[in-house]
Protein chains: 2
Amino acid sequence: MKLKDLAAQLGLSQTTVSRALNGYPEVSEVTRARVVAAAKRHDYRPNVRAKALATGRSMAIGHVLPVSNSHEMVNPVFADFIAGASETYTRSGYDLVLSVVPDEEQESHYRTMASKQSVDGLLVHSPRPDDPRIPLLQKIGIPFVVHGRDSEVADYSWVDINNRRAFRRATEFLVDLGHTRIGLLNGREDYEFARRRRAGVEEGLAARGLRADPALMYSDEMTEQYGYRAASALLALDAPPTALLASSTIIAFGIRRAAIERGLVLGRDLSLISHDDVLSYFRNGDEEPLFTAIRSSVWEAGRRAAEALIRQIADPDTLPQILLEADFVIGTSTGPAPKTNAKRKA
Amino acid sequence: MKLKDLAAQLGLSQTTVSRALNGYPEVSEVTRARVVAAAKRHDYRPNVRAKALATGRSMAIGHVLPVSNSHEMVNPVFADFIAGASETYTRSGYDLVLSVVPDEEQESHYRTMASKQSVDGLLVHSPRPDDPRIPLLQKIGIPFVVHGRDSEVADYSWVDINNRRAFRRATEFLVDLGHTRIGLLNGREDYEFARRRRAGVEEGLAARGLRADPALMYSDEMTEQYGYRAASALLALDAPPTALLASSTIIAFGIRRAAIERGLVLGRDLSLISHDDVLSYFRNGDEEPLFTAIRSSVWEAGRRAAEALIRQIADPDTLPQILLEADFVIGTSTGPAPKTNAKRKA
DNA sequence: GGGTGCATCCAAAGCGCTTTGACGATGGAC
DNA sequence: GTCCATCGTCAAAGCGCTTTGGATGCACCC
């Protein structure tokens with residue numbers, strides 16, 4: 001069933017039928033009702049390809065997921081982010097076209113997408129410092145929103161959380177509890193978000209007159225095993241940290257394992273604050289938060305980013321920039337610095 | 001730069017340019033070379049929308065992810081499966097259009113996709129028993145591949161692992177080690193894969209003359225906390241199981257936590273076999289497997305499913321059905337049934 | 001020299017939709 | 001009774017590509 005058939009059936013022209021269905025005012029309400037009823041009856045839905053060609057808009061948004069080719073790793077964060085975004089797209093009639101592309105092919109892939117004109121806008125994931133994709137897209141002139149920022153002054157549209165502030169705050173919280181040896185199990189610091197988090201920790205320490213100890217700072221792909229191994233190494237030090245900051249709940253799981261294995265109780269012997277993306281399958285406790293955490297739902301971020309992109313497509317002059325503040329939730333994994341350590345320092 | 005411009009520039013007709021670029025034989029090699037060179041020089045790439053309209057093929061595959069609307073949960077398994085599929089699509093020039101749709105809207109969403117003609121084929125995730133989507137798609141007549149099967153005799157294309165056999169084998173392995181009280185921490189049993197796994201366990205027990213104890217069988221969304229809570233409950237029984245089967249590595253993490261917390265050593269005090277989808281962020285150990293496991297990469301399954309679908313689109317008469325056998329890898333989490341329990345039974 | 005066959009290329013139609021520009025009908029103002 | 005808006009409708013062009021059905025030129029053969 002195509003437009004032509006439907007028009008013939010109704011004894012109307014294609015023009016009128018098209019207008020009726022798309023809500024143009026030049027058609028009488030009685031005709032519109034007839035057309036809409038007939039369309040529903042025949043389950044008519046316009047062919048998107050033809051529509052796209054005629055309007056020049058494909059009603060699709062591109063997401064390009066970078067995958068570390070060496071590891072074949074895809075971060076579970078993406079699943080939730082995309083689920084959030086997809087929700088918004090579906091509601092607005094957009095499709096989401098996804099491609100998973102090895103790091104080194106990113107740039108050429110973006111170029112291809114743009115010249116094929118298969119999408120009306122792009123969502124850029126995981127920006128690196130001085131990410132080449134951004135000037136590329138600006139040059140091409142296609143609407144895009146970045147999840148994260150590649151620098152403090154970013155002249156493009158983005159959605160990000162205030163990583164620096166959140167980690168600074170968490171750090172100060174720990175220092176105020178008496179902790180002075182604080183470790184950080186960060187994500188890969190060739191990504192901006194991880195750099196900001198580290199900067200936040202350093203600022204927090206500095207603000208309280210402490211200095212960051214590089215020996216307590218780790219950075220890697222955020223797996224459970226990384227959390228376990230790094231925490232085990234840290235806890236085996238002569239002067240182990242009394243508190244740890246983790247860049248993800250998954251890392252925190254690994255830390256907890258290392259702690260339990262040593263008979264340490266979180267919140268008493270070792271304090272732990274985790275960043276919590278509120279991932280579907282890695283909830284930080286149920287009703288009660290398990291870990292004290294910097295919490296910001298990445299699902300929600302996906303939703304917001306999608307909205308920002310759609311807004312920008314509608315009006316290319318707006319460049320939405322959305323900074324989400326993370327919640328700071330107190331769980332059972334933090335407490336005052338243990339006496340023994342205090343003594344050791346004295 | 002469009003075809004017309006390129007043709008004009010070269011002093012050729014659109015026909016010839018189009019043929020040259022698409023590898024048709026009716027064009028001389030010298031002309032083809034000229035055209036290809038010019039296309040590269042101008043970074044010409046055909047507009048996919050126009051191409052799709054002209055050819056009737058949109059060069060896109062649809063994936064519809066079900067999301068339990070109540071929980072807003074998206075299974076991390078999808079991320080790896082889709083990454084694998086996307087790899088294949090990209091290589092074959094297909095786009096992947098993704099939608100995340102609440103359970104109850106699944107059917108209407110499939111219907112819409114088909115009538116909009118925006119995709120050439122569909123990949124169906126997470127089949128339920130007697131899943132209505134399957135007859136629907138058969139009626140519509142669009143090529144599709146199901147990840148999993150909704151029944152033992154399935155007259156459509158699917159890619160699945162031999163869940164039943166794998167869990168049967170794991171169960172027998174445990175019984176042969178002397179375990180008689182064996183628990184199962186399964187996924188949601190309103191999905192086919194979980195039913196098969198349970199059936200496999202029951203078969204394995206029956207084959208060794210044992211009966212399944214419903215009190216030792218759990219079923220739920222596969223989170224770490226579910227694993228922890230269910231295992232804790234089981235271990236607190238008067239006659240606790242000496243061995244557990246887990247439907248995912250994430251559940252196994254939870255079980256391990258419960259075990260460690262009780263001072264139990266996996267492989268000595270409690271045996272554990274997990275299903276391992278080889279998810280990016282939940283590796284079962286690094287070089288050495290941590291858990292004894294039924295292993296089958298879901299990334300690979302995505303790749304195979306995508307290949308099957310593309311094959312089917314090319315030749316609708318083939319209905320590829322691919323049954324992957326899982327590896328059985330021995331880790332450190334299994335061992336003979338502890339004496340104390342053996343005594344208790346005697 | 002006229003036919004045959006092949007290699008190369010082209011004009012134009014068509015994919016299913018939107019949108020421009022025009023047209024007949026109606027009704028109110030004068 | 002004429003004129004002019006306004007309304008409701010339509011025919012046709014166009015989106016950028018593929019593909020059908022020739023057209024042209026040239027070598028080859030009898």
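Chain A is the first sequence line, chain B the second, and so forth, proteins listed ahead of strands; every chain is numbered from 1. Because the structure is a prediction, the values reported are computed rather than measured. What you see below is based on every heavy atom in this structure, not just the backbone, and it leaves out hydrogens, waters and symmetry mates.
A salt bridge is absent between Arg303(B) and Asp80(B); no separation between the charged side-chain nitrogens and carboxylate oxygens falls under 4.0 Å. A salt bridge links Asp95(A) to Lys116(B): one of the charged nitrogens lies within less than 4.0 Å of a carboxylate oxygen.
Taking atom CD of Glu26(B) as the reference point, atom P of dT24(D) lies 19 Å away to the nearest angstrom. Atom C1' of nucleotide dT19(D) and atom CZ of Arg19(B) are separated by 6 Å, given to the nearest angstrom. Rounded to an integer number of Å, the gap from Arg34(A) CZ to dT9(D) P is 9 Å.
Taking the six-membered ring for Trp and thresholds of 30 and 60 degrees, Phe81(A) and His63(A) have ring planes inclined between 30 and 60 degrees apart.
The nearest heavy atom of DNA chain C to Leu53(B) and to Pro25(B) marks one nucleotide each, and the one closer to the 5' end goes with Pro25(B). Projected onto DNA chain D by closest heavy-atom contact, Gln14(B) and Glu29(A) fall at different nucleotides, the more 5' of which corresponds to Glu29(A). Place Thr15(A) and Ser18(B) on DNA chain D by their nearest nucleotides, and Thr15(A) ends up nearer the 5' end.
Note that OG of Ser126(A) and CG of Asp131(A) are 9.0 Å apart. Values are rounded to the nearest 0.5 Å. Here OG1 of Thr15(A) is found 10.5 Å from CD of Glu26(A). Values are rounded to the nearest 0.5 Å. A distance of 9.0 Å separates CG in Leu123(B) from CG in Leu96(B), rounded to the nearest 0.5 Å.
Of all nucleotides in DNA chain C, those with any atom nearer than 4.0 Å to a heavy atom of chain A start and finish, going 5' to 3', at dG16(C) to dG21(C).
When the side-chain nitrogen and oxygen atoms of Ser13(A) are compared with OP1 and OP2 of dC10(D), one or more of them lie within a distance under 4.0 Å.
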